Trainee: 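Once you've had a glance at the structure underneath, I'll fire off some questions.
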Amino acid sequence: TSPRLHRFLLPCVAKSLRGAMSSLIDKAKEFVAEKIAQMPKPEASLKSVSIKSFTRDSILFHSEVAVLNPYSHSIPICQLSYALKSAGREVASGTMPDPGSLTASAETKLEISVKVPYDFLISLMRDIGRDWDIDYEMEVGLTIDLPIIGDFTIPLSTKGEIKLPTLSDLFGGGGGGDD
């Protein structure tokens, strides 16, 4: 074969190989993405927010995340982040780093406690109104470490209404702890 033919064929063959490799890699990515999408993943639910206890200076709100692990091995929880909102304002937020692991083939319950000072609740008085309750939204992000996939965040949210303690509840012994 002549050198001219080599100069002509070599770029054509290289271009064809690059195209074939690119196509093969794209097909492999599609295959892996499809298999990962079909894998069972942990499912979670968020209970409504309730008052756990109150003191002279704050209220401790409580919620619970229940997570069902479909795998036969435990899964580490990287973090649980939360935000409690009312009247379009963030009341409290935080992160619980490394809250443990999801139990293998079982449901794991994680408690979220949010301490809110009364002075902040007083700033929400327009929402509280005459019936002494507040409308809320709780947003939670549960980040777990799934094998092969890596960090995977399950977004959760719940909305509702919380009846606040009255003054007689506060001073008449109707609540929880004595912090």
Side-chain angles (χ1 to χ4, degrees), residues 37 39-71 73-147 149-179:
M39 282 177 56
K41 293 175 190 68
E43 295 179 16
S45 62
L46 179 63
K47 288 192 174 181
S48 62
V49 177
S50 61
I51 295 176
K52 185 172 187 175
S53 65
F54 49 89
T55 64
R56 294 194 190 328
D57 63 344
S58 63
I59 294 181
L60 189 61
F61 293 103
H62 173 266
S63 188
E64 184 179 86
V65 177
V67 187
L68 183 61
N69 179 1
Y71 302 115
H73 58 278
S74 64
I75 298 175
I77 303 171
C78 300
Q79 73 176 22
L80 186 140
S81 55
Y82 61 87
L84 179 63
K85 298 177 181 180
S86 180
R89 296 173 53 192
E90 190 170 279
V91 175
S93 65
T95 300
M96 295 169 47
D98 192 23
S101 294
L102 300 178
T103 307
S105 302
E107 183 178 80
T108 302
K109 293 185 178 183
L110 303 166
E111 291 193 24
I112 303 171
S113 294
V114 182
K115 187 175 185 177
V116 179
Y118 286 125
D119 59 350
F120 188 84
L121 292 175
I122 289 170
S123 72
L124 295 173
M125 284 306 277
R126 273 182 286 169
D127 182 48
I128 293 172
R130 290 188 195 120
D131 55 357
W132 207 242
D133 61 26
I134 59 171
D135 297 323
Y136 72 86
E137 179 177 8
M138 176 75 125
E139 296 175 348
V140 172
L142 177 68
T143 305
I144 54 179
D145 185 12
L146 290 177
I149 297 173
D151 286 357
F152 178 76
T153 300
I154 303 171
L156 304 163
S157 68
T158 186
K159 292 180 180 183
E161 192 175 87
I162 302 172
K163 192 83 164 156
L164 294 176
T166 63
L167 290 176
S168 63
D169 292 332
L170 294 174
F171 297 110
D178 289 55
D179 292 337

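Please read all numbers here as calculations on a predicted model, not as lab measurements.
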Trainee: Determine whether the side chains of T143 and T153 contain a donor N or O and an acceptor N or O closer than 3.5 Å.
Mentor: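 The answer is yes; a qualifying pair exists.
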Trainee: Return the set of residues passing salt bridge (Lys or Arg N to Asp or Glu O under 4.0 Å) with K159 (not counting sequence neighbours), or none when no residue passes.
Mentor: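 Scan of K159 (salt bridge (Lys or Arg N to Asp or Glu O under 4.0 Å), adjacent residues dropped) gives none.
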Trainee: In Å and rounded to the nearest 0.5 Å, what is the OH to OG distance from Y136 to S48?
Mentor: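 If I round to the nearest 0.5 Å, the distance is 4.5 Å.
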Trainee: Does atom CD (E107) have a neighbourhood of more than 12 heavy atoms from anything else shown, all under 6.0 Å?
Mentor: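 Correct, the count exceeds 12.
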Trainee: Counting distance only, does the side-chain N/O of T108 pair as donor-acceptor with the main-chain N or O of T103 below 3.5 Å?
Mentor: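 Yes: the side chain of T108 pairs with the backbone of T103.
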Trainee: Any sub-3.5 Å donor-acceptor pair from S63's side-chain atoms to K47's backbone N or O?
Mentor: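 Side chain of S63 to backbone of K47, a donor-acceptor pair under 3.5 Å: yes, one is there.
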Trainee: Which distance, rounded to the nearest 0.5 Å, do you find between the CD of E64 and the CG of L46?
Mentor: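 Atom-to-atom, E64:CD and L46:CG are 9.5 Å apart.
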Trainee: Once rounded to the nearest 0.5 Å, what's the spacing between atom CD1 of I162 and atom OG of S50?
Mentor: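 Output value for this atom pair is 7.5 Å.
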Trainee: Distance from Y118 atom OH to T55 atom OG1, nearest 0.5 Å?
Mentor: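 Answer for the OH-OG1 pair, Y118 versus T55, is 6.0 Å.
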Trainee: Consider side-chain contact (heavy atoms from CB on, under 4.5 Å). Of P70, P42, P76, S74, which one does L102 pass it with?
Mentor: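 For L102, the side-chain contact (heavy atoms from CB on, under 4.5 Å) check succeeds only for P42.
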Trainee: Are F54 and L60 side-chain neighbours, meaning at least one heavy-atom pair lies under 4.5 Å?
Mentor: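 Not touching, per the 4.5 Å side-chain cut-off.
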Trainee: In Å and rounded to the nearest 0.5 Å, what is the CD1 to NZ distance from I59 to K115?
Mentor: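 Here the rounded value is 12.0 Å.
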Trainee: Which heavy atom of M138 sits nearest to which heavy atom of V114, and what is that distance?
Mentor: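 Closest approach of M138 to V114: CE-CG2, 4.1 Å.
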Trainee: Just jot down the ring pair (Phe, Tyr, Trp, His ring centres under 6.0 Å) partners of Y71, sequence neighbours excluded, or say none.
Mentor: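 Expected list: H73.
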Trainee: Nearest 0.5 angstrom please: S105 OG to N69 CG, how far?
Mentor: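 That separation rounds to 6.5 Å.
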Trainee: Quick one: are I77 and L110 in side-chain contact, heavy atoms under 4.5 Å?
Mentor: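 SC-SC contact between I77 and L110 confirmed.
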Trainee: Check F120 against V91 and note the closest heavy-atom contact, atom names and distance.
Mentor: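 What the structure gives for the nearest pair is CE2-CA, 3.4 Å.
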Trainee: Do the side chain of S86 and the main chain of D135 share a donor and acceptor less than 3.5 angstrom apart?
Mentor: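 Flag set: sc S86 to bb D135 pair under 3.5 Å.
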Trainee: For I112, is there any backbone N or O sitting under 3.5 Å from a side-chain donor or acceptor partner on Y82?
Mentor: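 Answer holds: no.
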